[in-house]
Number of protein chains: 2
Amino acid sequence: MIKLADIAEQAGVSESTASRALANSPRISAVKRELIQRIALEAGYTVNQVARNLRVQSTKTLGLVIPEITNPFFPRLVQLIADSAIGAGYRLQLHLSGVSQESEGDCLAALREQRVDGVILVTSENGLVAREALSQMVAFGVPAVLLGWVSGEPPVDMVFGNDATGGYLVAKHFTDLGHRRVAILGAVPHRGPFDRLVGFRKGLMETPGVTEIVVPARTNEEVRLGIDHLLGLDKPPTAIFAYQDSLAAMACRCLRQSCVSIPEEISVVGFDNLELGTYLCPQLTTVDLSMEQMASCAVETLLGRLKTPSFRGGPNQIVIPPQLFVRESTSRPRSTQSIKKTPCEGASHCACD
Amino acid sequence: MIKLADIAEQAGVSESTASRALANSPRISAVKRELIQRIALEAGYTVNQVARNLRVQSTKTLGLVIPEITNPFFPRLVQLIADSAIGAGYRLQLHLSGVSQESEGDCLAALREQRVDGVILVTSENGLVAREALSQMVAFGVPAVLLGWVSGEPPVDMVFGNDATGGYLVAKHFTDLGHRRVAILGAVPHRGPFDRLVGFRKGLMETPGVTEIVVPARTNEEVRLGIDHLLGLDKPPTAIFAYQDSLAAMACRCLRQSCVSIPEEISVVGFDNLELGTYLCPQLTTVDLSMEQMASCAVETLLGRLKTPSFRGGPNQIVIPPQLFVRESTSRPRSTQSIKKTPCEGASHCACD
DNA sequence: TCAAGTATTGCAATCGATTGCGCAAATGAG
DNA sequence: CTCATTTGCGCAATCGATTGCAATACTTGA
């Protein structure tokens, strides 16, 4: 592979001159600069960033750690963060920590070895696993920002959605519509005072006589079981709050297979406002946490730390407000009678006719 | 940041010894090796990969270029490729070329500057845009493999799905069910003899008296218009072959809004077998091109070239066979009469009752 | 014509690791 | 006890670029 010395030789100048010419330094005469640039172009020369990075002690690269890319929540986040980072002149190095998160520490270690200039770490539902590794990293001068809630005192800047308010909005939506028996479908709460469940319950309590039932579920099968359980109750809920749109999607599928119509018999609300929700049938009412804001806040916060590493103020916390998107999957409860449980005949899919 | 020299000094040995000890070289006595490793661990030392990469002339990194991450087709591909690469001891550097692909060349250039050991380039619907940049890269000794079809003579190894056969399977499925008026929804063909449309038409022609109509569409609005157009025809098609599952999803949404039931009035088939299809209502019949195979073939081919760069056999072409997944969105055409075009009243969503 | 000032360019150190080669110490054989 | 081996370790070169400083060439004004 061709290197700077080759270009310098061809142009009959020193490496220093070649380097400066390619960097458009005004200290090089215009003729030589153009000559060198032309030679470099013709030779197909591209600077060796690994050598350059070593010399300038910076990689102009940001590390991004996310749990998994297959969860439909993350791709857009990645895209947005990538856009912001590239817009600011940084490359992105993506690492998948895995949903089990055993490798969150490995990712951080890899990023440190690569000498990335900064790190954005998106926590999974388990919260921050590699707290120690992260603290050590910032101690070594690599700024980081957390995206998502972590329990305890966060060691670094962090931006996260106000899930509690989101849950509150959902609860009010339910009670405003007249629902009095509601179910919560999803993982156990993990976001402390900002958890969706916290706000949801707060919202429910503002209306007397509302009962709630929690059905933990993460996988398709668990959702299936959970829904069956709910439908089998004496007094099934008239509304379901799914912790995430993907869970809501599974729930809708199960309900449909059980011939329960949405929202007539059961209202369903999701969380995250994924595009997926608009493909569902009916389109999903959900809570939106502006991902654009999340992404740009995270990147900007990180870049801020990068610009002035001296600025050692305590970790900031940026909270993104939620917004309820009411679509088709919620309505007033049809009646107080229990849901018919006999399987419908014929096609198991929906139709308008 | 702490470096090798610091460790060496603390241990009272030379840098060479420290380096070899950390690399578990047998040429270092066990006592010293463990001493040095302990010191490094306690000091929180991590090797500087950028220095190391420069010295060993390899980054152990593969570049992956995809058009966009928000298209639900790509996340799983990325995940699978990442798994394969990491399993083989390589890191992954992800670049998004953008759907417009203006930046495909930029991505390649960036990867070259970073001195990645190899590149996997996933083409967009436009095919290979940066052909020149790619050829130059391989000329400079960076092996690459293309994922997806390109027109003309491919300059490098390539793996792609046999879309034509996929299209053929769909066509046969349609004609077997008794459909005689079918529509194709999607972009214009771009994969030459392997295009979905080619095989689809071949399949249709094996049954006499089948008419086809092509409706180009990429965006939501275009789908909307296309569907409206189809429904407005004297004799609307009884089956739609959408070029991708995402298009099929949009089409289903539009049909639903127009109160056309699937599959009774119109059958719909997608392509790609995304998870999305199983959330649709009804669940989508679609064509699967084993993404696992795609990913592992691509990575293995690349690694093969990496191991024996001397092996300069002409570019290989690996073709992945498709498989039809019949689900709920297809059935026999109900009748030969045209679809009722009066909007249905009441809720615009589906229900089983 | 000479001094002062400016515009260009090159020398050489540097970033942090790896590794071929040589030297010294330890071991073993005769 | 001496010489040949083996074992353990360090010297110094190297990867490819950047950059402070010194050096040279070229202007300009007096």
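Computation of the quantities below employed the complete heavy-atom set of this structure, encompassing side-chain atoms and omitting hydrogens, waters and symmetry-equivalent molecules. Sequence lines set the chain letters: A, B, ... in the order given, protein chains first and strands last, and positions in each chain run from 1.
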Q) Among all residues two or more places apart in sequence or in another chain, which pass the side-chain hydrogen bond (donor to acceptor under 3.5 Å, both in side chains) test with B:Ser296? A) none
Q.
For A:Ala144 versus A:Leu134, what's the shortest heavy-atom pair and its separation?
A. CB-CD1, 3.9 Å
(Q) Need the bend value for the helix from C:dT1-D:dA30 to C:dG30-D:dC1: angle between end axes, 5 pairs each end, nearest 10°. (A) 50°
Q) What pairs with A:Asp163 under salt bridge (Lys or Arg N to Asp or Glu O under 4.0 Å), at least two apart in sequence or on another chain? A) A:Arg191, A:Arg196
Q | Partners passing salt bridge (Lys or Arg N to Asp or Glu O under 4.0 Å) against B:Arg91 (at least two apart in sequence or in another chain) | A | none
Show me the donor-acceptor pairs within less than 3.5 Å that the side chains of residues 25-33 of chain A make with the rest of the protein, sequence neighbours left out.
| residue | atom | partner | partner atom | Å |
| --- | --- | --- | --- | --- |
| A:Ser25 | OG | A:Arg27 | N | 3.1 |
| A:Arg33 | NH2 | A:Ile28 | O | 3.3 |

Q. Would you say D:dC9 has OP1 or OP2 under 4.0 Å from some side-chain N or O of B:Lys32?
A. yes
Q) Is the distance from OP1 or OP2 of D:dT7 to the nearest side-chain N or O of B:Ser29 less than 4.0 Å? A) no
Q | B:Leu92: partners by side-chain contact (heavy atoms from CB on, under 4.5 Å), with sequence neighbours left out | A | B:Leu62, B:Leu64, B:Ile81, B:Ala82, B:Ala85
Q. Can you list the residues that meet the side-chain contact (heavy atoms from CB on, under 4.5 Å) rule with B:Glu292, with sequence neighbours excluded?
A. B:Arg76, B:Leu80, B:Ser290
Q: Using heavy atoms to find the nearest nucleotide of DNA chain D for B:Ile28 and A:Arg27 separately, return the residue whose nucleotide is more 5′.
A: B:Ile28
Q: Can you sort out the partners of B:Tyr45 under ring pair (Phe, Tyr, Trp, His ring centres under 6.0 Å), two or more places apart, ordered by chain and number?
A: none
Listed pairs, N/O of protein and of nucleotides 16-19 of chain C, under 3.5 Å:
| residue | atom | partner | partner atom | Å |
| --- | --- | --- | --- | --- |
| C:dG16 | OP1 | A:Gln57 | NE2 | 3.1 |
| C:dG16 | OP2 | B:Lys3 | NZ | 3.1 |
| C:dG16 | N2 | B:Ala51 | O | 3.3 |
| C:dA17 | OP1 | B:Tyr45 | OH | 2.8 |
| C:dA17 | OP1 | B:Asn48 | N | 3.3 |
| C:dA17 | OP2 | B:Leu4 | N | 2.3 |
| C:dA17 | O5' | B:Tyr45 | OH | 3.4 |
| C:dT18 | OP1 | B:Arg52 | NE | 3.0 |
| C:dT18 | OP2 | B:Ser19 | OG | 2.5 |
| C:dT18 | O2 | B:Arg55 | NH1 | 2.1 |
| C:dT19 | O4 | B:Ser16 | OG | 3.4 |

Q. For the pair made of CG in B:Leu35 and C1' in D:dC9, what is the distance, rounded to whole Å?
A. 14 Å
